[in-house]
Amino acid sequence: MTALTLAALALWLVIAMFPFVWTAWGSFKIENDFFSKADWTQALTGPLTRATYGSAFTGAGYYGAWIREEFWRAALNTGIVVVCVVAISLTLGTLGGYALSRSTYRYAFWLLIVALVFRAMPPITLVSGYLLPFYQWNLWGHLPTAIIVLVAINQPFTLWMLTAFFRNIPRDLDESARVDGCTPFQAFRHVIIPVMWPGVITTGLFSFLLAYNDFVVTAMLLSKDNQTMIPKIASFLGTTQTEGNIMFAVSSVVSVTAPLFVLVMVFQRQIVSGLTAGAVKG
Amino acid sequence: MRHKTFLAFFLPTATAMFLFIALPIVSVLVQSVHAPHEQVIREVENCTPFGCTKSTTVDQDATAALRADQPLGRFVGLGIYGDRSHLAFSELAAAWAGSARLGDFFDRILHLPFYRALAFTLTYMATVTPLSIALGFFVALAVNAIPRLFRGPVIFVSLLPMIVTPLVGALILFWMVDSRGIIGAAVQWAAGDPNLSLKASTTLTWIMLIVYGIWSTAPFAFVVYYAGLQTVPQDTLESAMIDGASRWERVRYIVIPHLLPLTTFMALIKIMDNFRVFEPIVSFNAGAHAQSLSYFIYSDLGGETRLLSSAAATSVLTIGGVLVLLSPVLVRTWRSFGRA
């Protein structure tokens, strides 16, 4: 362990961490402190914030975003979308992934290849395919539509990951259940489900991240009053920058990032194992 | 597993993917060969005592009725693909004929919107992928060398740039490189130019986006390599050490060959992901200087007039690009499957 390696590592940690710390700290200041032309230390000490609010920290940005601009509504919508997407895509994905991992036929392989191609396509290339039919059938702008689209877009990835996890569950397990007289579904229900949780939790985390982080689908398929958090932040940028209240966007960005911090902290092990699952084996 | 059982288990997910991935692709293809109806023009004859004059007016009702009747528009074949905002065949030919040198030719091509977007997408993909993999590799080596106790927190911090929403992560950096933000101010101070703005020039915007790309994708490479490093055979390393191999030689001749399969896998995933680069451009408000294919589609879809046909044509071309990128993998699996 040389000093050079250590210094390089420390530098990387600063690069990885500093932007978040800086922005979180700055979100409690007013705009002229956080974006200070005169002196960058103002963002640290906040003299103008003190002059305005009597204290070096203010929750004005948070108040403005969450209450005045109704960010809570977007947060609520995000909650609904995320819970539904995770639940539905895991239900469909476990069934499909189990079938793919147990089938010995050629078509199972080709289905996985098709899923790989679907996974590689940028989601926005599909959006123009949705818009016209959704307008025609009056499906555009509703939460359920966005949820189903997100589930579908997420399926290829879910299938790949769950198939990899299910391959590690020995075939003998469900075969002996079949010998004991279970139907295929009973074997799945009573034998596979109890041992599949690690894989399902990891896959669920990634489904969560996809639904929570999505901008393309939610921005294009949801109407203004049904917006989720990420498009809402993007819309803050359009309107509030002219009002000179960019701090709404800064504080909502911090609000969106905070749950992700907690998530990584709690589920770090699962996330790492999920990221490496496909890679290390094959 | 029998066909019938397989189908029963697979049907729900297959239905979802068919309805919301396969059919939309068909819908995109169909839209890309249709263009919106032109306005219905009616010729009106106005007769006055001094004679008759003919004038043309737009028949609003008939136009609306026609558009409602056939929402897809009129069939134009591959016309949209060849127009100025897509493959621009005639402009290409003109540029080829009109430019004396090859550099001249490329200069002209890069003024065409589709080729400009393609150029940025490919540049981004070709720089971010190797650089982020290299950075991830070095971080993994360093983390692997520190005491086990500290690894947890270090991994936690390293994961953050990747886990955070792309739009939000890019916004955070965008505010910092603002000329009133901390990085922007530092760059101005370092360059000695108080009016320098990282957002004003095309080159600097590209560099900024690429730096963001490396920052946000290096953690993935780091995690995969870190896991891979745990599987490096220890006795090989030890015997190399006894033989007097330096640290660098051990990395060069043992670790890197061991991790090569991982690198192929990771490069594939990252090429796919970097090809769809989109959110950072929105966050950096960089549409004027850098457009990716995805952003190009997005800007067609947004705005006052939704250019569905144009977006559809770009989408088809983008999907084509993805297939080209994937083709080595597809050909390889096809071959290995033929042998098995």
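Every chain is numbered from 1 and lettered A, B, ... according to where its sequence line falls, protein lines coming before strand lines. These numbers come from the heavy atoms of this one structure, side chains and all, not from hydrogens, waters or symmetry mates.
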Quick one: does A:F215's side chain get under 4.5 Å of B:Y298's, heavy atoms only? yes
If one checks every heavy atom of A:I88 against chain B at 4.5 Å, the contacting part turns out to be neither
Contacting moiety of A:Y135, where chain B heavy atoms sit under 4.5 Å: side chain
For A:A120, which atoms come within 4.5 Å of any heavy atom of chain B: side chain, backbone, both, or neither? both
Let me confirm one number: the CG-CG distance from B:L160 to A:L13, rounded to the nearest 0.5 Å. 10.5 Å
Euclidean distance, A:L9 CG relative to B:L141 CG, rounded to 0.5 Å: 11.0 Å
Side chain, backbone, both or neither of A:I15 within contact of chain B (heavy atoms, under 4.5 Å): both
For atom CH2 of B:W189, decide whether the heavy atoms of other residues, nucleotides or ligands shown that lie under 6.0 angstrom number more than 12. no
Engaged part of A:F134 at the chain B interface, taking heavy atoms whose separation is under 4.5 Å: side chain
For A:R269, I'd like to know if atom CZ has over 12 heavy atoms of other residues, nucleotides or ligands within 6.0 Å. no
So, A:Q268 side chain and B:I155 main chain: donor-acceptor pair closer than 3.5 Å or not? no
What distance separates B:T15 OG1 from A:Q155 CD, expressed to the nearest 0.5 Å? 10.5 Å
Part of A:T23 lying under 4.5 Å from any heavy atom of chain B: side chain
Counting only non-hydrogen atoms closer than 4.5 Å, does A:L100 touch chain B with its backbone (N, CA, C, O), its side chain (CB onward), both, or neither? both
Of the backbone (N, CA, C, O) and the side chain (C-beta and beyond), which part of A:P156 lies under 4.5 Å from a heavy atom of chain B, both, or neither? both
Looking at CZ of B:F10 and CG of A:L92, how far apart are the two atoms once the value is rounded to the nearest 0.5 Å? 10.5 Å
For B:W215 together with A:F20, are the ring centres under 6.0 Å from each other? yes
At a heavy-atom separation under 4.5 Å, does A:Y107 approach chain B through its side chain, its backbone, both, or neither? side chain
When rounded to the nearest 0.5 Å, the distance separating CZ of A:R178 from OG1 of B:T5 is 6.5 Å
Quick check: do B:F222 and A:W12 have side-chain heavy atoms less than 4.5 Å from each other? no
Please classify the contact of A:V114 with chain B as side chain, backbone, both or neither, using a heavy-atom distance under 4.5 Å. neither
Rounded distance [0.5 Å steps], CD1 in B:I172 versus CZ in A:F18: 11.5 Å
Does A:Y130 use its side chain to pair, donor to acceptor, with the backbone of B:F20 at less than 3.5 Å? yes
